[in-house]
Amino acid sequence: MHNKTFVAVAVGLGLIGLSACGTSDAQSSSDSKTVTLVSHDSWAVSKNVLKDFEKQSGYKVRVLKDGDAGQAVNKAVLTKDNPQGDVFFGVDNTLLSRALDNGLFQPYQAKGHDTVRPEFRVDQDEHRVTPVDTGDICVNYDKAWFSAHKLTPPQSFADLAEPAYKNLLVTENAATSSPGLGFLLGSAAQFGDGGWQGYWKKLKANGVKVVDGWEQAYYQEFSGSSEGRKAGGDRPLVVSYASSPPAEVIYAKKRPSTAPTGVAYGTCFRQTEYAGLLSNAKNTKGGKAFLDFLLTKEFQQDMPLNMFVYPVVEGAAVPADFTKYGPAAKDPETMAPDKIAANRDQWVKSWTSLVLK
């Protein structure tokens with residue numbers, strides 16, 4: 001399951017530590033036969049798919065997983081003059097400006113870029129990032145709880161502030177969590193620059209619970225997830241992903257006929273993740289080959305059941321479990337990258353003062 005919590009405060013160089021895994025841990029990026037990927041912890045790919053790339057390209061892949069998304073971005077910015085790898089994967093649209101403004105990536109137009117659906121293309125003048133996947137941050141609900149209480153699940157942002165849903169919602173801290181930030185941006189897109197604060201005042205008065213990150217919200221507080229039930233979670237509403245219900249089905253010990261959780265599609269915010277060739281990468285040739293690989297149909301069609309995200313290239317097939325149990329939102333909230341860049345930090349600061357104090 002995609003878990004992309006981030007640390008807003010930059011980490012000093014002396015504290016940076018990267019855990020290594022993959023097919024060639026002993027080799028370094030300076031080896032022209034090794035390409036090193038730096039990513040957040042949610043990176044995953046089928047072994048046979050990665051082996052196909054290594055066989056066809058002649059490169060061995062080394063993966064450095066560096067915590068959650070924002071933490072990984074911050075560390076990559078701090079080490080950009082002497083990067084830990086060649087390619088970075090996992091910066092999303094909520095944090096993209098931070099990476100670009102700090103010169104994290106060098107230009108490269110990946111082969112297959114013309115197959116990326118137009119709505120996911122950004123930075124078209126310089127091609128510093130390659131779109132890789134997309135997904136929707138949405139409120140999920142516990143079907144059994146709502147059925148037992150004979151209450152209709154909420155379907156919109158506005159519904160969540162209604163008295164019927166008092167003390168039912170748990171969300172993540174917008175200052176420390178990528179889904180939490182996405183939910184904040186979704187509310188700003190829904191209610192406008194001058195309206196989202198009033199909305200959050202209503203949510204606070206209606207008993208919204210805020211926790212640090214997605215894992216705590218989904219696996220401990222949410223009554224609808226398998227882990228949440230074990231932990232005694234008592235919140236039947238949680239900010240998660242549209243792809244969470246398929247995961248509940250696929251990973252269930254006994255596969256249910258229907259997903260135990262549902263999605264409030266009127267609360268969704270579209271998230272897109274990118275990869276890029278790191279500035280000062282030691283193996284630029286290998287890095288470019290790896291970026292090309294990320295846009296192949298083989299990789300794009302392998303992603304959904306590994307990282308629970310959707311492909312961005314035209315014609316890439318989506319698993320039947322996705323379309324059956326958790327289709328993508330048809331009309332999610334979105335926000336232009338330049339607007340996110342101009343407002344993100346101030347909005348998070350205002351949200352923190354409004355909701356957490």
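On a predicted model such as this, the values are computed, not experimentally measured, just so you know.
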Decide, yes or no, whether a salt bridge links [X] with [Y] under the criterion of side-chain N to carboxylate O below 4.0 Å.
X: Arg255; Y: Asp321; result: yes
X: Glu333; Y: Arg270; result: no
X: Asp66; Y: Lys75; result: yes
X: Asp345; Y: Arg98; result: yes

Q: Report the C-alpha separation of Tyr274 and Phe120 in whole Å, then their side-chain angles, then the decisive distance to 0.1 Å, and conclude whether the ring-ring contact (aromatic ring centres under 6.0 Å, His included) test is met.
A: CA-CA 10 Å; Tyr274 307 90; Phe120 300 120; 8.8 Å; no
Q: Please test Tyr241 against Phe308 for ring-ring contact (aromatic ring centres under 6.0 Å, His included), starting from the C-alpha separation and ending with a verdict.
A: CA-CA 9 Å; Tyr241 295 88; Phe308 284 86; over 10 Å; no
Q: Go through the steps to decide whether Gln271 and Ser178 satisfy the test side chain to side chain donor-acceptor pair (under 3.5 Å), and finish with yes or no.
A: CA-CA 10 Å; Gln271 185 180 54; Ser178 182; 3.1 Å; yes
[Y] versus [X], side-chain donor and acceptor atoms under 3.5 Å:
X: Gln124; Y: His113; result: no
X: Trp200; Y: Ser187; result: yes
X: Glu248; Y: Ser244; result: no

Which word best sums up how the rings of [X] and [Y] line up, parallel for under 30°, tilted for 30 to 60°, or perpendicular for over 60°?
X: Phe191; Y: Tyr199; answer: parallel
X: Tyr218; Y: Phe222; answer: tilted
X: Tyr165; Y: Phe146; answer: tilted
X: Phe293; Y: Phe290; answer: tilted

Measure from the side-chain N and O atoms of [X] to the backbone N and O of [Y], and report whether any donor-acceptor pair falls under 3.5 Å.
X: Asn140; Y: Ala242; answer: no
X: Asp212; Y: Glu172; answer: no
X: Asn280; Y: Lys80; answer: yes
X: Asp234; Y: Ser223; answer: no
X: His40; Y: Ser42; answer: yes
X: Lys204; Y: Leu354; answer: yes

(Q) Looking at Asn48, I want to see if its CG is surrounded by more than 12 non-hydrogen atoms of other residues, nucleotides or ligands under 6.0 Å. (A) yes
(Q) If you count every heavy atom of other residues, nucleotides or ligands that lies below 6.0 Å from Lys166 atom NZ, does the total exceed 12? (A) yes
Out of curiosity, does [Y] fall in the hydrophobic cluster containing [X] (side-chain heavy atoms, cut-off under 4.5 Å, transitive links)?
X: Val318; Y: Val116; answer: no
X: Leu50; Y: Val309; answer: yes
X: Leu295; Y: Val132; answer: no
X: Val249; Y: Val238; answer: no
X: Val210; Y: Leu185; answer: yes

Is [Y] close to [X] at the side-chain level, that is, under 4.5 Å between some pair of heavy atoms?
X: Leu181; Y: Trp347; result: no
X: Glu221; Y: Lys209; result: yes
X: Thr94; Y: Asp92; result: yes
X: Val348; Y: Leu184; result: yes
X: Val208; Y: Thr171; result: yes
X: Val129; Y: Leu96; result: yes
X: Val87; Y: Thr36; result: no
X: Leu277; Y: Phe105; result: no

Q: Determine, stepwise, if the pair Tyr108 / Asp292 fulfils side chain to side chain donor-acceptor pair (under 3.5 Å).
A: CA-CA 10 Å; Tyr108 175 64; Asp292 295 344; 2.8 Å; yes
(Q) Checking side-chain contact (heavy atoms from CB on, under 4.5 Å) between Val139 and each of Val239, Val263, Asp159, which is the one that passes? (A) Val239
Q) side-chain hydrogen bond (donor to acceptor under 3.5 Å, both in side chains) with Asn167: which residues, sequence neighbours excluded? A) none
**Q.** Check against side-chain contact (heavy atoms from CB on, under 4.5 Å), Leu151 and Trp145
**A.** CA-CA 9 Å; Leu151 182 62; Trp145 189 97; 4.1 Å; yes
Q: Give the intermediate values and the outcome of side-chain contact (heavy atoms from CB on, under 4.5 Å) for residues Lys285 and Val35.
A: CA-CA 9 Å; Lys285 188 175 180 181; Val35 58; over 6 Å; no
Q: Run the numbers on Phe183 and Phe269 for ring-ring contact (aromatic ring centres under 6.0 Å, His included), then give the verdict.
A: CA-CA 7 Å; Phe183 188 59; Phe269 178 78; 9.9 Å; no
(Q) Between Asp41 and Lys65, is the salt bridge (Lys or Arg N to Asp or Glu O under 4.0 Å) condition met? List the steps. (A) CA-CA 5 Å; Asp41 286 345; Lys65 292 186 177 182; over 6 Å; no
Q.
Set out, in order, the CA-CA distance, both residues' side-chain angles and the distance that settles side chain to side chain donor-acceptor pair (under 3.5 Å) for Asp302 and Asn306, then state yes or no.
A. CA-CA 7 Å; Asp302 182 66; Asn306 280 288; 3.1 Å; yes
Q | Glu54 and Lys51: CA distance, side-chain angles, deciding distance, salt bridge (Lys or Arg N to Asp or Glu O under 4.0 Å) verdict | A | CA-CA 5 Å; Glu54 292 180 331; Lys51 285 182 178 179; over 6 Å; no
(Q) Working note: Trp43 + Phe88, criterion ring-ring contact (aromatic ring centres under 6.0 Å, His included); need CA distance, chi angles, decisive distance, verdict. (A) CA-CA 11 Å; Trp43 163 264; Phe88 184 93; over 10 Å; no
Q: Decide yes or no on salt bridge (Lys or Arg N to Asp or Glu O under 4.0 Å) for Lys330 and Asp136, but give the supporting numbers first.
A: CA-CA 10 Å; Lys330 293 181 179 179; Asp136 297 317; over 6 Å; no
Q) When you look at Asn82 and Thr79, which way does the side chain to side chain donor-acceptor pair (under 3.5 Å) test go after all the steps? A) CA-CA 5 Å; Asn82 186 27; Thr79 58; over 6 Å; no
Q. At what distance, to the nearest 0.5 angstrom, does CG of Asp81 lie from CG of Leu278?
A. 11.5 Å
Q | Selection residues 100-117 - residue pairs positive for salt bridge (Lys or Arg N to Asp or Glu O under 4.0 Å), sequence neighbours left out | A | Arg117-Glu119
Q. Given the rule in the side-chain contact (heavy atoms from CB on, under 4.5 Å) test, do Lys143 and Ser147 qualify, once you have shown the distances and angles that lead to the verdict?
A. CA-CA 6 Å; Lys143 290 180 178 179; Ser147 176; over 6 Å; no
